[in-house]
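Every chain is numbered from 1, with letters handed out A, B, ... down the list of sequences.
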Amino acid sequence: EAGVTQFPSHSVIEKGQTVTLRCDPISGHDNLYWYRRVMGKEIKFLLHFVKESKQDESGMPNNRFLAERTGGTYSTLKVQPAELEDSGVYFCASSQRLTSGGKETQYFGPGTRLLVL
Amino acid sequence: QKEVEQDPGPLSVPEGAIVSLNCTYSNSAFQYFMWYRQYSRKGPELLMYTYSSGNKEDGRFTAQVDKSSKYISLFIRDSQPSDSATYLCAMSPTGGSYIPTFGRGTSLIVHP
């Protein structure tokens, strides 16, 4: 079974440019999460999709970040315009829809390393 | 005060040693406790999880939760060089659909 994939693996852009990150979850997983790790800090939650709907976007830093999940399959996270503080590793994770009383296991992708100069 | 505190290390041990990794937390609502392992250039991988207090064992790994002290531990017995990775603790208020709060991770190096 293929795991969660993310593209690109690395991105170096200049301040003010736009970058779009892509995440392909494990097939059949309804839940899709975006996280970010800034250097030296903890992994922080950004948002959660259930299929194509945004369930929780309380972790999105500001309106320069836009996440979409058209058709409930892959997801994109666009940063426009990028700022220096947006640098970090962006992780995507997916999990199956929970059954009653079930435990959720999130499977993480390898991350996209973003550097804004 | 951060919700989850974890010493980033690095922690360097010889092969075969018993490793103890720890986290403290401040949120009494946390009920679901997880340990992730992350190899270099990879994403975090769920290693173990426990619900509420107590111990859980899986092979060479034992997870302990002491809710009275707000302290969780991961023990690795007979450590191997392949255990060298960053270990992240994470926790959340519920055992169902959850958003984990992560620690910074502890870098573990097991040398032959």
Heavy-atom donor-acceptor pair, Arg41(B) side chain to Pro110(A) backbone, under 3.5 Å
no

For residues 51-59 of chain A, please give each side-chain donor-acceptor pair under 3.5 Å, one per line with the distance, not counting sequence neighbours.
{"unit_1": "Lys54(A)", "atom_1": "NZ", "unit_2": "Ala67(A)", "atom_2": "O", "d": "3.1"}
{"unit_1": "Asp56(A)", "atom_1": "OD1", "unit_2": "Ser58(A)", "atom_2": "N", "d": "2.9"}
{"unit_1": "Asp56(A)", "atom_1": "OD1", "unit_2": "Ser58(A)", "atom_2": "OG", "d": "2.7"}

Could you tell me the separation between the CD atom of Glu45(B) and the OG1 atom of Thr105(A), rounded to the nearest 0.5 Å?
11.0 Å

Please identify, among Gln106(A), Arg37(A), Glu42(A), the residue contributing the most non-hydrogen atom pairs under 4.5 Å to chain B.
Glu42(A)

Heavy-atom count around Phe7(A) CZ within 6.0 Å, excluding the residue itself: above 12?
no

Lys44(A), NZ atom: more than 12 neighbouring heavy atoms under 6.0 Å:
no

Interatomic distance, Ile99(B) atom CD1 to Leu47(A) atom CG [nearest 0.5 angstrom]
9.0 Å

Gln6(A) versus chain B, the contacting section by heavy-atom distance below 4.5 Å
neither

Under a 4.5 Å heavy-atom cut-off, does chain B meet the side chain of Tyr35(A), its backbone, both or neither?
side chain

Looking at Phe102(B) versus Phe45(A), is the centre-to-centre ring distance below 6.0 Å?
no

Taking Val65(B) as the starting point, is it possible to reach Met91(B) by hopping between hydrophobic residues whose side chains are less than 4.5 Å apart?
yes

Within this structure, what is the CZ-CD distance for the pair Phe108(A) and Gln38(B), rounded to the nearest 0.5 Å?
9.0 Å

Under a 4.5 Å heavy-atom cut-off, does chain A meet the side chain of Tyr36(B), its backbone, both or neither?
side chain

